[in-house]
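Just the heavy atoms: all of them, side chains too, but no hydrogens, waters or symmetry mates, feed the values below. Numbered from 1 within each chain, the chains take letters A, B, ... in sequence-line order.
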Amino acid sequence: MPIKNSFSERCYALLKTVPKGKVTTYQSLAHALGTQAYRAVGTALHHNPYAPNVPCHRVVNANGDLGGFASGPKKKIALLRQEGVLVKGGKIVDFEKKFFNCKPFK
DNA sequence: TATTTGACCAAGA
DNA sequence: ATCTTGGCCAAAT
């Protein structure tokens, strides 16, 4: 019973569309999904049942801060670094350049 | 069904 | 600049 049309599933689907080397925000994801539930997005990603399949490390806070990560912030920084996104002092370097605004999800 | 919680955000002090 | 407060909405209990 694979296909579940829950809010979380939509988050993952949309998140998979974020290109490598870019980051998005919880707010952008939620807004693209047609809701204001930034927090619900965070909750969904924390569960993260599609672990490596979904690039949950590309999601950061709207103010350019690193945000959270289930396996610890170090891991998240390392993954971002591999994709060319640098993190300094818990902040995304050149956040505005790396930011990817999600398009509305059908 | 109701209450609580959370990988958030924005505004105020 | 930091800290507190209120608000948003889905998922878990």
Side-chain angles (χ1 to χ4, degrees):
Chain A
M1 45 347 157
I3 63 176
K4 275 193 288 191
N5 286 340
S6 56
F7 177 82
S8 302
E9 293 293 326
R10 283 178 290 196
C11 291
Y12 308 136
L14 184 61
L15 182 51
K16 277 192 279 191
T17 68
V18 178
K20 183 169 83 67
K22 297 259 182 171
V23 292
T24 188
T25 65
Y26 298 94
Q27 189 174 46
S28 180
L29 286 170
H31 188 30
L33 292 172
T35 180
Q36 300 301 120
Y38 333 109
R39 309 197 74 184
V41 174
T43 303
L45 294 184
H46 188 201
H47 291 148
N48 191 17
Y50 294 82
N53 194 16
V54 175
C56 44
H57 56 273
R58 292 181 194 150
V59 187
V60 298
N61 290 4
N63 65 329
D65 208 341
L66 183 60
F69 200 64
S71 303
K74 304 196 321 292
K75 198 73 175 182
K76 186 166 181 175
I77 294 171
L79 289 168
L80 287 172
R81 182 171 188 162
Q82 288 177 5
E83 299 186 351
V85 180
L86 299 182
V87 181
K88 186 95 172 183
K91 295 276 185 182
I92 302 299
V93 179
D94 294 325
F95 172 61
E96 296 183 18
K97 289 185 180 182
K98 308 293 184 183
F99 177 69
F100 174 80
N101 191 1
C102 298
K103 307 194 312 277
F105 187 65
K106 296 187 242 141

Subject >> From C/dC8, B/dA7, B/dA10, nucleotide with atom closest to A/Lys76 side chain >> reply: B/dA7

Subject >> A/Tyr38 side-chain proximity, nearest of C/dC8, C/dC9, B/dG6 >> reply: C/dC8

Subject >> Selected nucleotide, minimal atom distance to A/Leu45 side chain, candidates C/dA11, C/dC8, B/dA7 >> reply: B/dA7

**OP:** Measure up the A/Tyr50 and A/Tyr12 rings against each other and bin them: parallel (under 30°), tilted (30 to 60°), perpendicular (over 60°).
**Re:** tilted

Original post:
Which nucleotide in the list C/dA10, B/dA7, B/dC9 gets nearest to the side chain of A/Tyr26?
Top reply: B/dA7

Original post:
For A/Lys75, does the NZ atom sit with more than 12 other heavy atoms under 6.0 Å from it, leaving out its own atoms?
Top reply: no

**OP:** Evaluate the side-chain contact (heavy atoms from CB on, under 4.5 Å) criterion for residues A/Phe7 and A/Thr43: first the C-alpha distance (whole Å), next the side-chain angles of each, then the deciding distance (0.1 Å), finally the verdict.
**Re:** CA-CA 11 Å; A/Phe7 177 82; A/Thr43 303; over 6 Å; no

Original post:
Does a nitrogen or oxygen in the side chain of A/Ser8 sit under 4.0 Å from OP1 or OP2 of C/dA11?
Top reply: yes

Subject >> For atom NE2 of A/His46 and atom C1' of B/dG6, their distance in whole Å >> reply: 9 Å

Subject >> Closest to side chain of A/Cys56, choosing from B/dA7, B/dC8, C/dC9 >> reply: B/dA7

Original post:
Closest to the A/Asn61 side chain: B/dG6, B/dC9, C/dA11?
Top reply: B/dC9

Original post:
Which pair of heavy atoms, one from A/Gln36 and one from A/Ala30, lies closest together, and at what distance?
Top reply: C-CB, 4.4 Å

Subject >> A/Gln27 vs A/Ala70, nearer the 5' end of DNA chain B by closest nucleotide >> reply: A/Ala70

Subject >> Least distance between heavy atoms, A/Lys103 atom then A/Ala32 atom >> reply: O-CB, 3.5 Å

**OP:** For A/Arg10 and C/dC9, give me the distance from atom CZ to atom P, rounded to whole Å.
**Re:** 14 Å

**OP:** Check the distance between C/dC8's P and A/Leu29's CG and give it to me in whole angstrom.
**Re:** 21 Å

Subject >> Protein-nucleotide distance (A/Asp65, atom CG; C/dA1, atom P), rounded to Å >> reply: 12 Å

Subject >> Contact under 4.0 Å: A/Gln36 side-chain N or O vs C/dA10 OP1/OP2 >> reply: no

**OP:** Quickly work out the A/His47 NE2 to B/dA7 P distance and round it to whole Å.
**Re:** 9 Å

**OP:** Would you mind telling me which of C/dA11, B/dA10, B/dA7 lies closest to the side-chain atoms of A/Phe7?
**Re:** C/dA11

**OP:** Could you tell me the separation between the CG atom of A/Leu79 and the C1' atom of B/dA7, rounded to a whole number of Å?
**Re:** 14 Å

**OP:** Round to the nearest Å and state the distance from A/Asn5 atom CG to C/dA10 atom P.
**Re:** 15 Å

**OP:** Go through B/dC9, B/dA7, C/dC8 for me and flag the one nearest to the A/Phe69 side chain.
**Re:** B/dA7

**OP:** Pick base, sugar-phosphate or nothing for A/Thr43, based on heavy-atom distances below 4.0 Å to the nucleic acid.
**Re:** base

Original post:
B/dA7 P sits how many Å from A/Arg58 CZ, rounded?
Top reply: 21 Å

